[in-house]
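To start, the structure under review is shown below, and the notes come after it.
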Amino acid sequence: MTSTTTAPQGATTAVALSGVTKVYGRGTSAVLALDGVSLDVAPGEFVCLVGASGCGKSTLLNLVAGLDRPSGGQIGLAGDTNPGLMFQEPALFPWLTVEGNVEVPLKLRRLPRAERRERVAELLRTVHLADFGRKRPHELSGGMRQRVALARTLALDTPVLLMDEPFGALDAMTRDILHDELERIWSERQLSVLFVTHNVREAARLADRIILLSSRPGRIIYSTEVNIPRPRRIDSPEVAAIAADVTERLRTEVGRHGQ
Amino acid sequence: MTSTTTAPQGATTAVALSGVTKVYGRGTSAVLALDGVSLDVAPGEFVCLVGASGCGKSTLLNLVAGLDRPSGGQIGLAGDTNPGLMFQEPALFPWLTVEGNVEVPLKLRRLPRAERRERVAELLRTVHLADFGRKRPHELSGGMRQRVALARTLALDTPVLLMDEPFGALDAMTRDILHDELERIWSERQLSVLFVTHNVREAARLADRIILLSSRPGRIIYSTEVNIPRPRRIDSPEVAAIAADVTERLRTEVGRHGQ
Amino acid sequence: GDDSGSAGAGPVTLRLGYFPNITHAPAVVGVEKGIFKEKLGSGVTLDLKTFNAGPEAIEAIFSGALDATYIGPNPTVNAFSKSKGEAVRVVSGAASGGVALVVKPGITSPEQLRGKKIATPQLGNTQDVAVRYWLKEKGLKTTKEGGGDVKIVPQQNAQTLETFRSGAIDGAWVPEPFVSQLLNAGGKVLVDERDLWPDKKFVITNLIVSTKFLKAHPDVVKKLVEGQVAANEFVNTKPDEAQQAISTAIGKITGKPLDLKLIKQAWPTLEFVNDPVASSLKTGLDHAVTVELTQPTSLDGLYDLKYLNEALKAAGKPEVVQP
Amino acid sequence: MASDTLTSSARTDAEISGLDALEIAGRDKEISRGARIWAATWPKLAALTIAILAWQLVVWSGWKPPYSLPGPMEVGRELISQARGPQLWDGLVTTLRRAAVGYVFSAAVGLLLGLAVARSKVLRAAIGSMITALQTMPSIAWFPLAILLFELSEKAIFFVVVLGAAPSIANGVISGVDYVPPLLLRAGRNLGARGLNLYRYVIAPAALPAIVAGLKQGWAFSWRSLMAGELLVVGISQTSLGAQLTYSRDLSDAPWLLSTMIVILVVGLVVDAAFGAADKAIRRRWGVLDQAGN
Amino acid sequence: MASDTLTSSARTDAEISGLDALEIAGRDKEISRGARIWAATWPKLAALTIAILAWQLVVWSGWKPPYSLPGPMEVGRELISQARGPQLWDGLVTTLRRAAVGYVFSAAVGLLLGLAVARSKVLRAAIGSMITALQTMPSIAWFPLAILLFELSEKAIFFVVVLGAAPSIANGVISGVDYVPPLLLRAGRNLGARGLNLYRYVIAPAALPAIVAGLKQGWAFSWRSLMAGELLVVGISQTSLGAQLTYSRDLSDAPWLLSTMIVILVVGLVVDAAFGAADKAIRRRWGVLDQAGN
Ligand SMILES: Nc1ncnc2c1ncn2[C@@H]1O[C@H](COP(=O)(O)OP(=O)(O)OP(=O)(O)O)[C@@H](O)[C@H]1O
Ligand SMILES: Nc1ncnc2c1ncn2[C@@H]1O[C@H](COP(=O)(O)OP(=O)(O)OP(=O)(O)O)[C@@H](O)[C@H]1O
Ligand SMILES: [Mg+2]
Ligand SMILES: [Mg+2]
C-alpha cells in the first residue's frame, strides 16, 4: 500500500520519497516501521510531521538523512549535501564544551578560526545560551542541551533541515522565542524543513503543510496545507482551528490503535 | 532570600523543603541553581512545577530524591523510603530488555518471580507497550522509551513520586491516555506527586497546585491551587483558564530574563 | 622428611634436583636407570625436581623446598657465600670438562681476538672469569662493561648460537652442549679449557646438599652419594646405554629427545668424575678476584666429602682429597 | 511527482554499498549464512597465505641460512612429527589445565580486587596505584617468593600466574566502574539498589565491556606468566608448552621453536575467538553491533 | 510549616555523610587542599607501614633463614648502598630511556594498528584475532627473530618491546571503537564527519577512556618485555634494570633482588600516577568523576 503526498506547486523538489518502506529486524521479530511512504518537500517548504508515539517519524528522518537505508522505495535529495538532522536526543559530544560542540560542523567545513568563533557566538546567542559556551554538556539542564543541539544543527548551514522534536524539552516561552528564531532563519536562508513534533499547535504555528502519519506501520494518512499568513502567533484562533482539526484526526487514529 | 509555599491543609507533610539552596561548581564558575526554596507537599497532593528552561526543576527533584545534597536548607520526607524519580531522560539500562528494566525495582524489593512477571505485564499494559516487553531500549522510539521509564518508576510503589517531564516525548493522544492512567494510579494509591512539566495545560489538567519557579536562580515566584473538580479534560475551558493565567506569569518571568 | 628435617622415625623424602642437560649426565642416567632409587632403598622416598637454570635451584634450597641438587660451580659458590656458609655443602662431584672457547675458523691465535666479541654465559660466572683470566694472561685487556682489547658479551647460552651464526659474535667460551653446537655451526675450538687445568680436570657439575638436610639425615645423604658414585660408574662403563638414556630422559622433560649425535659428539670432552675438584673452584675464585669481578670469599667448609670417600672406599675406588 | 528534476540521483542500494563499510549500519540483512562464514574466513585464509608466502620467499632468497631461518615446509614437517608424538599433546594438556585453573583463579582475585578498590576510596588511595605497579613486575622477580611460599608445587606456578594476571583484570574492572554513566548510577540508586545491589544490577553490567576487555588482557598476562612460570616446576616425566618453548630455544632448534610458537598462536586464536564471541554477544545486547565494520 | 510531623528526620549533612561514600556525588566541596592531599596520602602510608611491619614480623618469626628472606632493614641498607653508587642510576636511566622510546613506538604502532583493524572489516577478519594471539606470545619466543633481524643492537630490544606492547594497545583501541555509542557516531556523520574526520572528531575522543586503559595495559606489557629483552644485549656498554634483576637472581643475592624489585615498583607507581592523572582529566571532562569513591 502506498500513500502519496506531493508538494503544492509541482516545481522542483528538495526531498522526494517514493514508496519508502523500512523494516527493522528479521524473521518473526521484524517490525514494519514505515510502509510505502511517498512525500515531496518543495524547496523552501516547511513540512511538519505528526503522528503517534512509535509510528516511524524518527525513522523517516534518519532515512532522509542517509543514516539508514530504506528496505524499499527511493529517497531523492536536491543538491549533494546531506540534510542536517537534529536528533530526538541532544546527542552532544560529552568531551567537548558547548562551544566545542557547536564548532564541530564549522571545523569540518574548514572555516577559519575567527569566523568560526563568530558563528559560534552568534548561534549561542540565537538559542539564548551565550553565557554557557564554556560549560560541558553534563553541566546543562535538559532544555539547555536541546538548545545546544539546535545551535549545532543550525551551524551545518544545509539547505534541508530535519528536526526531530527540537523543542520538546523547552518551556512554552522559550519555545515561542525559538519558533520566531527558527522562522526567521528558515525564511532568510530559504530552507526546506521537515519537522517532527507532538505539539499540534506548534505544527500549525510553523508549517506550510502538516502531514499525519498513522500508527505502526507508518503511512501518510492525512496532509493539510496551513495557509495562515505569517507572522503567526501560536495562540491565535487560526492556529487553534488547524490544531483542533489535526488533533481530531490524530485522536481517531490513536483511538483506533492505542487501546 | 527565601520563598515559601505550604500545603493547603496544615496536616501532615509528605515532602518538606525549607530554604533549600543548591550551588553547582565552585569559585567563579559556580552556578546558583536554587535559592532558598521552601515547599511542602501534603500526602496525596499532586503538585506541578513549571518554570523556564534551566531554572532548577530537575535539580529540585534530584535533591528531594536524595541523589544530590543541598548546599543549604533542609529536605524532609515522610516515611523512610526514598521517593521514586522518573528522570528527564529515560535512563533505561541498555543491557536489559524492556521487561528486564521494569523488573529491576521489583527484584530489588525481592518480589517472587510469578508476582514480578504479573506486575511487569500489568505495568507494560498501563503504558501501552504490552507487545514490546522483549525488545531492548535501542529498538524503541523516543516516546516508547519514556513510557518504559514511566512503567519502571511506577513499579517502585513509593508513596511519593517525582516526575521530570514524563510525557514530554509523547503525542497528545498517548499523553491524554497516560494522564488518565496516572490520575487513576495517583488516587488509587494515594500518592504524593511532584511533577515537572513545560506543558502548562498538562499542569492544569493534573495538579492540585501549580508552582512557578523563576529563572536562574530558581525561586518560587507563584503558587496557585487548581480547584477544578476531577475528572478533568485537558481541553476544558477551566483548564484553559488556569493555563492562561500561569502562562501569562511565566511569560513575564521569561520575558524579564530570557532576552 | 620435610623441610623441618627432623630426624624422627618414619619414611624420609629426599627432594633431589637436576637439569635435563648433558653436563648433568650422572643425575639424568641415575634417575632414568633407577640407580638412586635402588641405593636409597625403600625407606626413602625420592622426589625429583628438574630445573632450567641455577637460580631456581638455589632459591629452592634456600627456602627449604629442595634438599639436594646437581648444579654448576657458580651457583654453588653464590649459595655458599650469600648464606655466609650456612646453606649448602658439596658432597660429591659429578662431571668435569666440557668447556671450550669456540671461535670463527679464521682465528687461530689469541692475538687475533683483538677487537673481537666473545660471548660468555653470564657476567662473573666460571666461564666468564676463565676467558677474562686467560685473555689477561695473553696480555689482552677486558672490562666489565664490555670494553678493552677483547669485548666480552655475557648472554644467555640459548642466544649464543644465534648470535654466532649471525656474526654478531666471533666466539664463545661456553659449556657443552653449546660447544658442540657451535662446532656444528662452523666454529673451531681455540681453547679446550681442560688444557688450562692440572690433570685436565675442573668442576662443571657437582652435587650439593642443604646443610639442614645433611645434619638431619646423614644416612640418606650417604646413600645419595653412593647412588651418585654408582651412576658415574654406569655412565663410564656403559656409555652407549647412558647416552641413549640421556636422550630419552631429556625428551620426557623438554618435550623432544636430545639429538643422540650431539650427545655422542660432546661426550669425549666431558669426564664424569666423583671428585668435585675443589682446587679448580678455589683457583677459579682467585682468578675472579684477579680480573676484579668479585671480592675474595672464603670457601672454607663448603666441602663435606666424608660420605663420598666412604662410598668410594666401599666401591673400591681411590678416595679424594677433602680440602 | 517531480523527482526527475532532482539534481542528485536517487539513493539506490548500489550507491550506498559503494560507501565506506563504516558508514552504513545493519548492512548484512539478507546475506546468507554461508556467505557470512565465507566473508569471515577468506581474509584469514588470505592473510595466512600471504604470511606463509612471504616467509617462503625470504627463505628462498637465501637471506639467512636455513638453520637460522627454516622455511615453512621444514617447520610444517616438524609440527607434524611433533603432533604424531605424545609429548606435544601431553605438554599442551598440562599447560592448558594450568592455564585454565590459574586464569579462573586470577579472574576471581582480579574481579574482587577491582571491585573492592573501585568501591572504596581508602582502598583505592592505598593500593590503587600498586595494582599497575604490580602489573609491571616481571614474572621472574616473583619466582623466589613463589618458591618460598609454595615450594616447588603447582601452586608456585599459580602464584606467579595470579600475580601476573589479576592486576590486569582488576585494572579493567576499575576503569569500567569509573566510566559507568552517572545517569544510570543515579537511576539504579533511585530504584532502590544500594551497596552490593548497585554493583549487581547497575555497575557490573554497565562496566561489562571494560571488564571483558580487562579479562582479555588478563588472559594474555596469565598465559605469558604461565609460560615463564612453568619452568619453576618441571616434572621429570611431564613436559609443558612453557618448557618446550624454553628448551627449544636453549637448544637453538629453530624448527622446533617455530612449531611451538605456532601451537601457542593457535591457542591464542582459539581463546580470542571465545572472547570475541562474548564481546559480540554484549555488543548485540547493547545495540552497538555492526556500527564500525564488524 | 508542618515539618515537625515528619516521621523521618531532616536530611542533614551528618546523616548523609554516614552513607556509603559511593552514594553521594560531589562530596568534597569545601574540603581544603591540604586535607585532600592528606586523604590521598594516609592510606598509602598506612598500607606501606602495614606491609613493612608484616614483612618484619615474618622475618623475626624466623620462618625462613635470612639469606632466603632478608628483612626490610637489610634490604633498606642494600637499597641505600645501591642508591649511593652509580650503577643503579645508570641502569635506571638506560632502562627508562629504552622504555620511553620503546613505549612511544609501541603506542604509535598499536594505535595505528588498532584503528586500522577497527575500521576495516576485512582487516579485522584477517588479523583481528591474531592481535590477541600475538599478545600471548612470550617475549623470549621473539628473541631469535629479534637477533636475526637486528643482531645485538638496541633495535632488537625495541623489537621485542613493540611486539609485546603494541597488540595490547591495539586491543584497547579496538574495544574502545567497538563501544562508541551509535548515537554519537550518527551525529558525527550527520555533521559531515566522514572517514578520517569521523575518527578524529568522534570515534577517537569517544573511545579515549578505553584507549587510555589499553595504553596502561600496554605500558605493563612493554615494561615486562623490556625487562626480559634487556637480557638480549647485556653489558655491551651499560647496565640496565632488567640485567640487574636477572643478575641479582643469578647471584642468589636476595637483598639486591628485593631492592631492584622496589625500584621497579617505584617506577610502576610513578607511571601509574601519570596514567591516573590522564584518566582523571578525561573523567572530569566527561562528567563521570567522583561518582564511585574517587
Ligand atoms: N533500531 C531499531 N531496531 C528495531 N526497531 C526499531 C529501531 N528503531 C525504531 N524501531 C521501531 O520502529 C518503530 C518506529 O520508531 P520511531 O523511532 O521511528 O518512532 P517515532 O515516530 O519517532 O516515535 P516517537 O514519537 O516515540 O519518537 C517503533 O515501533 C520502534 O520500536
Ligand atoms: N551537574 C551540574 N553541574 C553544573 N551545573 C549544573 C549541573 N546540573 C545542572 N546545572 C545547572 O543548574 C541549572 C538548573 O538546571 P536544571 O537541570 O535543574 O534545570 P531544569 O529546570 O530542569 O531545566 P530544563 O527544563 O531545561 O530541564 C542550570 O543552569 C544548569 O546549567
Ligand atoms: Mg522519535
Ligand atoms: Mg530538567
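Chain letters run A, B, ... following the sequence lines, proteins first and then strands; every chain starts at 1. Only heavy atoms go into these numbers, but all of them, side chains included; no hydrogens, no water, no symmetry mates.
- Neither the backbone nor the side chain of D:Glu230 comes within contact range of chain C; no heavy atom of the residue lies under 4.5 Å from a heavy atom of that chain.
- For C:Leu258, the part lying under 4.5 angstrom from a heavy atom of chain D is the side chain only.
- There is no contact between C:Phe62 and chain D, counting heavy-atom distances below 4.5 Å.
- Around NZ of C:Lys37, the count of heavy atoms belonging to other residues, nucleotides or ligands within 6.0 Å does not exceed 12.
- The environment of NZ in C:Lys264 is crowded: more than 12 heavy-atom neighbours from other residues, nucleotides or ligands sit within 6.0 Å.
- In this structure, the side chains of C:Asn52 and D:Asp250 come closer than 4.5 Å at one or more pairs of heavy atoms.
- Distance check, rounded to the nearest 0.5 Å: CG of D:Leu152 to CG of C:Leu48 gives 12.0 Å.
- In terms of heavy-atom proximity, D:Ile147 sits nearest to C:Ala60 at CG2-CA, 3.5 Å.
- Of the atoms belonging to C:Glu32, not a single heavy atom falls under 4.5 Å from chain D.
- The structure places NZ of C:Lys256 at 3.5 Å from CG of D:Asp253, a figure rounded to the nearest 0.5 Å.
- Crowding of D:Trp89 atom CH2: a count of heavy atoms from other residues, nucleotides or ligands under 6.0 Å not exceeding 12.
- Put simply, of C:Ser166, C:Pro177, C:Gly251, the one with the most heavy-atom pairs under 4.5 Å next to chain D is C:Gly251.
- Heavy-atom distances place no part of C:Ile250 under 4.5 Å from chain D, backbone and side chain included.
- Counting heavy atoms of neighbouring residues, nucleotides and ligands inside a 6.0 Å radius, atom CZ of D:Phe105 does not exceed 12 of them.
- Contact tally against chain C (heavy-atom pairs below 4.5 Å) for D:Arg249, D:Gln82, D:Gln244: the top residue is D:Arg249.
- Remark: C:Glu162 CD to D:Leu69 CG distance equals 11.5 Å, nearest 0.5 Å.
- A donor-acceptor contact shorter than 3.5 Å is absent between the side chain of C:Thr254 and the backbone of D:Tyr247.
- Smallest separation of non-hydrogen atoms from D:Pro144 and C:Glu59: CG-OE2, 3.3 Å.
- Panel note: side chain C:Gln181, backbone D:Leu251; a donor-acceptor pair is recorded below 3.5 Å.
- Salt bridge status for D:Glu151 with C:Lys49: absent, with no side-chain N to carboxylate O gap under 4.0 Å.
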